[in-house]
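Right, one structure below, let's go through it.
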There are 2 protein chains.
Amino acid sequence: MYGVNRAIQSIRIPQIVEAAVEIIAERGIKDTTLDLVAKKAGLSKGGLIHYFPTKKSLIETVVKEFFSRIFQRGKELRDSFEDPYEQLISFLWLYNRNDPDYFTGYRMFFEIMTIASMDREYREVFHQWVNSWVELLEASIKKGVEKGDFEVEDSKEAAKTISAIYQGVASRWFLDPENHSDEWAKSTVRSLIKFVVSRK
Amino acid sequence: MYGVNRAIQSIRIPQIVEAAVEIIAERGIKDTTLDLVAKKAGLSKGGLIHYFPTKKSLIETVVKEFFSRIFQRGKELRDSFEDPYEQLISFLWLYNRNDPDYFTGYRMFFEIMTIASMDREYREVFHQWVNSWVELLEASIKKGVEKGDFEVEDSKEAAKTISAIYQGVASRWFLDPENHSDEWAKSTVRSLIKFVVSRK
DNA sequence: TAAAAAACCGACCAATTAGTCTTTAAACCG
DNA sequence: CGGTTTAAAGACTAATTGGTCGGTTTTTTA
């Protein structure tokens, strides 16, 4: 049963992207085949190619989609807090092994870092992503400084530091869970953040 | 000109591993072909297969070799310092874009993290690697505590934290150099380490 | 309602590549 | 020196897979 309606693109593309994310998380980008993605998305390779003429174009879309989805989640949760410090630690939801995005999200993240480490184009995407997180953190820091809660010389620097801390802890927490519990991740990040925003 | 001498294995295997590391760093594990590695190592695919019957066996050896080489470097440099704090920051050599191992080392690291995120076996290798770094750091911390330089509740926890910090900063420094200078990396790590070993 | 366009299928092609196998040459050993 | 073992080459095989293409069905449009 083909083209049920003309707005089919707005259905198919998310379907395909979602399928691709899952396959990539499971097998990695290199072992993700168009056939598999197509099947998972409920169509044939020919159908898939109709929307994404090349594998590269599919991956690009998936990567951008993934980043923006995670970013959106983070931003929304942060915005639900008023207090600047609460905002800064609102990203601790990243350390939740029961989150539906847990496995998929981390696997995607490692895949993307690895292609970024090889490819300028993706490094640029990564750069923008980091930037957007840093800006988010920076805004909270500035708010805290204005409010008198924080003492920070350079809020951008502080934001970069906090962002890097989140990531370093995340890598350990995901890749070596045996030694890095949820509690470890959370308390470590909390304490480092406190230090970063209240020095000098 | 074949088998020049019987101790050839001890020459060929490092040659092959070295070639593989370079190819992997350049193209990633998935795009590393036996032919390319063989050629780079100065022999044919048949010759390569003689030493490593499968690609998997080659990769395993390469990963272990890589880890132990970098670890060795770190350990030796650390051991050249007496002062515990100097020892803790001795790993700042990791943030040197002119280091001969710079590109290769970081690329390998991302490749390995990514396979570790997919594969239990490699996660175990990663786990052991992290452990060995943590132990190295822990020893320095304990020394500093005994000496009275540091104030630390749980030296293992502190070591894990410092290790994660090194890694988080490293990821940013490598993947987004535009925004993360050598100086940023070094001063960030220095200041966070100081905090970690002297709190409470 | 007919023709044009869009959605979709799946057979096929061409390239890539891990691993096999046969052969050759050198090294070692008695 | 002759036989055995090891090192190495490289042609070949079989599987995989990205992308092409011709055709079919549905939807849109005029």
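Atom set for the values below is all heavy atoms of this structure, side chains included, hydrogens, waters and symmetry mates excluded. A, B, ... follow the sequence lines: proteins, then strands. Residue 1 opens every chain. None of these values were measured; they are calculated from a predicted model.
Side-chain atoms of B:Leu34 lie closest to C:dA18 of the nucleotides D:dG18, C:dA18, C:dC8. The side chain of B:Ile49 has C:dT20 as its nearest neighbour among D:dG18, C:dA7, C:dT20.
For A:His50 and C:dC8, the shortest distance from a side-chain N or O to OP1 or OP2 is not below 4.0 Å. OP1 or OP2 of C:dC8 lies within a sub-4.0 Å distance of a side-chain N or O belonging to A:Tyr51.
Across the protein-nucleic acid pair, A:Ile59 atom CD1 and D:dG19 atom P stand 10 Å apart, rounded to whole Å. Here the C1' atom of nucleotide D:dA15 and the CG atom of A:Leu36 are 15 Å apart, to the nearest Å. Spacing between atom CG of A:Asp35 and atom P of D:dT20 amounts to 15 Å, rounded to whole angstrom units. As rounded to whole Å, 13 Å separates atom C1' of C:dA6 from atom CD1 of A:Ile13. When rounded to the nearest whole Å, the span between NZ of B:Lys56 and P of C:dG19 equals 11 Å. Between the P atom of C:dA18 and the CD1 atom of B:Ile29 lies a distance of 13 Å, rounded to the nearest Å. Here the P atom of nucleotide D:dT6 and the CG atom of B:Leu43 are 18 Å apart, to the nearest Å.
Residue-to-nucleotide contacts include no donor-acceptor pair under 3.5 Å from the side chain of B:Lys55 to the base of C:dG19. At a cut-off of 3.5 angstrom, the base of D:dA9 holds no donor-acceptor pair with the side chain of B:Lys45.
A salt bridge links A:Arg69 with A:Glu18: at least one charged nitrogen is closer than 4.0 Å to a carboxylate oxygen. A salt bridge does not link B:Glu135 with B:Lys75: every distance from a Lys NZ or Arg NE/NH1/NH2 to an Asp or Glu carboxylate oxygen is 4.0 Å or more. For B:Lys160 and B:Glu157, the salt-bridge test passes: some basic side-chain N is under 4.0 Å from an acidic carboxylate O.
Counting non-hydrogen atoms under 4.0 angstrom, A:Ser57 reaches nothing in the nucleic acid. Using a 4.0 Å heavy-atom criterion, one finds that A:Thr33 contacts the sugar-phosphate atoms exclusively.
Toward the 5' end of DNA chain D, the nearer of the two residues B:Leu48 and A:Asp31, judged by each one's closest nucleotide, is B:Leu48.
In this structure, a donor-acceptor pair under 3.5 Å is absent between the side chains of B:Ser90 and B:Arg78. Side-chain N/O atoms of B:Arg27 and B:Thr32 include no donor and acceptor closer than 3.5 Å.
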